[in-house]
Every structure is written in C-alpha cells, then in structure tokens.
Asker: 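Questions regarding the structure given below will be posed in turn.
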Amino acid sequence: MKRTILIDCDPGIDDAIAIMMALAAPELEVVGITTVGGNVGAEATTRNALALATLAGRRVPVARGRDAALVAETKRAESVHGLDGLGGARLPAPAYAEEKAPAWEFIRDMAARYPGQLEIAAIGPLSNIAMALSAYPETRSRIKGIHLMGGSIAYGNATPAAEFNILADPHAAAAVFQSGVPITMLGLDVTNRASLSARGLEDLRTVGGRVLTPCCSMLDHYLAAYRTFGRDSLALHDPLVIAWLLDPALVTLEPYYVAVETDGQYATGKTVVDIHSVAKRPPNALVGVELDPDGFVALMTRLLRSYDAPGAPGPLQGLE
Ligand code: BDR
Ligand code: CA
C-alpha cells in the first residue's frame with residue numbers, strides 16, 4: 001500500500017530535488033503540496049511548486065500558505081537559492097493554477113480525508129503546519145506523522161545555534177514539537193552529510209536525463225553558494241526526508257525530547273535536544289543521528305533517472 005504524503009515546502013533548490021524524488025516514487029501517493037515563504041517569498045515558492053509538478057507530469061494540487069512567520073521577522077535565503085528560488089533554472093511554465101484554499105485549510109482537509117494515514121514531509125519553515133494544528137485542533141490526531149527537515153542537535157547554519165527552517169519561524173516550530181503529533185526530525189546532524197561533491201555533481205550531469213539535467217543546473221547554483229562557505233560539496237537537506245520515507249534504513253533515529261528556543265539572546269531558533277534525558281520528559285521526536293550517505297545518493301539518482309524510463313510521464317503542457 002502506498003504511503004499518503006503531503007509536502008509542505010519552500011522551493012528552494014533542495015526542496016525542488018525532494019519534490020522531484022517524491023513525485024517519481026511509486027511507493028508514495030503525494031496528495032498535495034503546500035507552500036510557505038522561506039528561502040524566497042510564497043509567491044515564488046508557489047510558482048516553483050507548480051512548475052516542478054508540471055515538469056514531473058503530475059497535476060498535484062498546490063496550496064499557497066503563509067509568506068511570513070507567525071511572530072518572528074521574515075528571513076530569506078536568496079543568497080543560496082537565487083532570487084527566483086531555483087537558481088535561475090529554466091522550468092516549464094505551470095500547466096495549472098494553485099488551489100483556492102490556503103495551505104492550512106488544505107492540510108486540515110487532507111487530514112480529514114485521510115485520517116490516521118496522512119504523513120507530512122515538512123521541508124520549510126513550519127508556519128502553515130502550526131496554523132493548521134492550532135486553528136483546527138481535531139487535525140492533530142488525524143495526522144500520522146510530521147517528518148521534518150529542521151534543527152540540529154549540535155550547531156546551526158543560519159546562526160551558530162540555529163538551522164534555517166526553525167529560525168525562520170521558531171514559534172511555529174515550538175508549537176509543532178509540542179503538538180503531540182509524532183515527529184521525525186532530520187536535522188543538520190544528518191542532512192549535512194547527505195552531501196554531493198563537485199565531482200559527484202559532474203557524474204550526475206554525465207548520467208543526464210530530462211529531469212536530472214535541469215536538477216544539475218539548479219545544483220550548480222547551489223554548489224556555488226556552498227563554495228562561498230568554504231565547502232566544496234553541497235548538502236541535500238530536504239531530499240533526505242523523502243529518501244528516508246522510502247528507505248528508513250538510511251537513517252538511524254533516537255527518541256529524544258526536543259524544545260525550541262523562541263526568544264533567546266544567542267540561540268533563538270535552536271532545537272534543544274535532550275540527549276541525556278536531563279529534563280526527564282518523555283521523548284516527543286525521533287531524531288536522526290547517523291546516515292548512510294552512499295545509499296542516499298544512489299536512491300536519489302535512481303529516482304531522478306526514472307523520469308526517462310519507458311512509459312514515464314512527460315511534462316504537462318504549460319498555460320503560458
Ligand atoms: C533548510 O533551509 C533551506 O534553505 C533548505 O531548503 C532546507 O530546507 C536547510 O537548513
Ligand atoms: Ca526547504
């Protein structure tokens with residue numbers, strides 16, 4: 001039986017790879033994509049999600065969510081993802097329009113349609129999900145799990161303490177971790193090791209393909225940004241969530257209690273992970289601690305290549 005997945009995202013180059021992987025996977029039924037302002041604003045993340053589904057040849061409903069954080073100041077990551085969010089990649093124009101309902105209503109509706117079955121791959125700031133869980137509390141018990149890319153046990157990437165998705169809406173993240181919905185947290189401790197070297201990117205380009213080739217040109221932009229951080233490889237944060245859904249053996253998880261610092265002096269947006277049970281609180285998340293990096297790259301490559309398999313759908317015809 002297929003797993004029922006909703007992707008909440010801010011595409012974003014690594015979100016784009018994650019979406020293309022998920023839409024290629026026969027084991028996943030992607031029932032919708034909700035978008036949030038994060039790497040770039042919600043106008044652009046919504047258009048990008050529609051264009052990516054169009055490229056995949058799949059008319060997956062896309063519902064636009066919040067542009068801004070619930071409380072915190074807006075943060076963007078255009079220096080990493082480009083002004084358009086996808087590093088200037090040429091994608092087909094969207095072949096269909098976004099949903100009329102906002103993301104938080106769409107999440108509520110999907111949870112009601114698939115009670116106990118719906119799993120959310122959360123790969124952007126958690127604003128939409130926090131809105132849905134607080135405005136429609138009945139939604140909480142209907143969601144099977146929230147599997148998020150965010151936070152870390154150790155260090156940050158947006159500040160010394162905080163990872164971008166959590167820093168971008170710390171109040172939303174705190175509410176999600178306290179919601180009682182089962183949570184899997186794949187943070188920088190594992191996603192930074194889901195990496196691709198410059199050489200690995202060249203190998204992928206050589207393999208090529210109708211989806212792999214535009215993915216490589218997005219990743220060129222992404223790698224250039226990582227080089228400015230002094231690193232000659234890039235981290236595929238968001239794709240790891242999809243890879244783990246398909247092959248849980250790729251990541252080792254430990255149950256921990258996780259709190260989020262919302263208003264600190266130095267550590268706003270930090271996920272405080274109680275690895276030694278100092279707080280004596282029951283775990284509220286399964287946290288990724290180890291990764292099989294080669295298995296991850298092999299799975300990602302296989303999925304992106306599968307768009308060239310005989311019988312695979314081609315892109316949808318654009319509206320523009
Ligand atoms: C996360 O932040 C965003 O820039 C990426 O898309 C990913 O979701 C990594 O910290
Ligand atoms: Ca993201």
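Whatever order the structure lists ligands and atoms in, that order sets their numbers, starting from 1.
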Asker: Looking only at protein heavy atoms, which one is nearest to atom 6 (O) of ligand 1, and how far off is it?
Answerer: Asp14 OD1, 2.5 Å
Asker: For residues 84-95, which side-chain donor-acceptor pairs fall under 3.5 Å, sequence neighbours excluded?
Answerer:
| from | atom 1 | to | atom 2 | distance (Å) |
| --- | --- | --- | --- | --- |
| Asp84 | OD1 | Leu86 | N | 2.9 |
| Asp84 | OD1 | Gly87 | N | 3.1 |
| Asp84 | OD1 | Gly88 | N | 3.1 |
| Asp84 | OD2 | Gly88 | N | 3.1 |

Asker: Mind listing the protein N/O/S atoms less than 3.0 Å away from the Ca ion (ligand 2)? Waters don't count.
Answerer: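 You should have found Asp10 OD1, Asp15 OD1, Asp15 OD2, Ile123 O, Asp238 OD2.
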Asker: Measure the spacing between CG of Leu250 and CG of Leu186 and express it to the nearest 0.5 Å.
Answerer: 10.5 Å
Asker: Could you find the nearest protein heavy atom to atom 10 (O) of ligand 1 and give me its residue, atom name and distance?
Answerer: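 The answer is Glu163 OE2, 2.4 Å.
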Asker: Are Thr4 and Gln117 close enough that a side-chain donor and a side-chain acceptor fall under 3.5 Å?
Answerer: yes
Asker: Any salt bridge linking Arg205 with Glu202? Criterion: basic side-chain nitrogen under 4.0 Å from a carboxylate oxygen.
Answerer: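 Salt bridge between Arg205 and Glu202, a charged N being under 4.0 Å from a carboxylate O: yes.
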Asker: With atoms numbered from 1 as shown, which atoms in ligand 1 lie under 4.0 angstrom from a non-hydrogen atom of Asn157?
Answerer: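 Contacts of ligand 1 toward Asn157, numbered from 1: 9 (C), 10 (O).
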Asker: Provide the number and element of each atom of ligand 1 under 4.0 Å from a heavy atom of Ile123.
Answerer: 8 (O)
Asker: Under 4.5 Å between side-chain heavy atoms, chaining through other members, with only Ile, Leu, Val, Met, Phe, Trp and Tyr counted: pull out the rest of the cluster around Met131, sorted by chain and number.
Answerer: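 Leu70, Val71, Trp104, Tyr136, listed by chain and number.
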Asker: Who pairs with Arg59 by side-chain hydrogen bond (donor to acceptor under 3.5 Å, both in side chains), at least two apart in sequence or on another chain?
Answerer: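 side-chain hydrogen bond (donor to acceptor under 3.5 Å, both in side chains) list for Arg59, sorted by chain: empty.
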Asker: Just need the protein heavy atom nearest to atom 3 (C) of ligand 1, so name the residue and atom and give the distance.
Answerer: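 For this ligand atom, the closest protein heavy atom is Asn39 OD1, 3.1 Å.
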Asker: Hey, does Asp238 sit under 4.0 Å from ligand 1 if you only count heavy atoms?
Answerer: yes
Asker: Considering only heavy atoms, does Asp15 approach ligand 1 within less than 4.0 Å through its side chain, its backbone, both, or neither?
Answerer: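 The answer is the side chain of Asp15.
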Asker: Under a 3.5 Å threshold, yes or no: a donor from one side chain and an acceptor from the other, between Thr34 and Asp8?
Answerer: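 Short answer, yes.
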Asker: May I ask you to decide whether Asp109 forms a salt bridge with Arg113, counting only side-chain N to carboxylate O separations under 4.0 Å?
Answerer: no
Asker: Any side-chain heavy atom of Val80 within less than 4.5 Å of one from Phe164?
Answerer: no
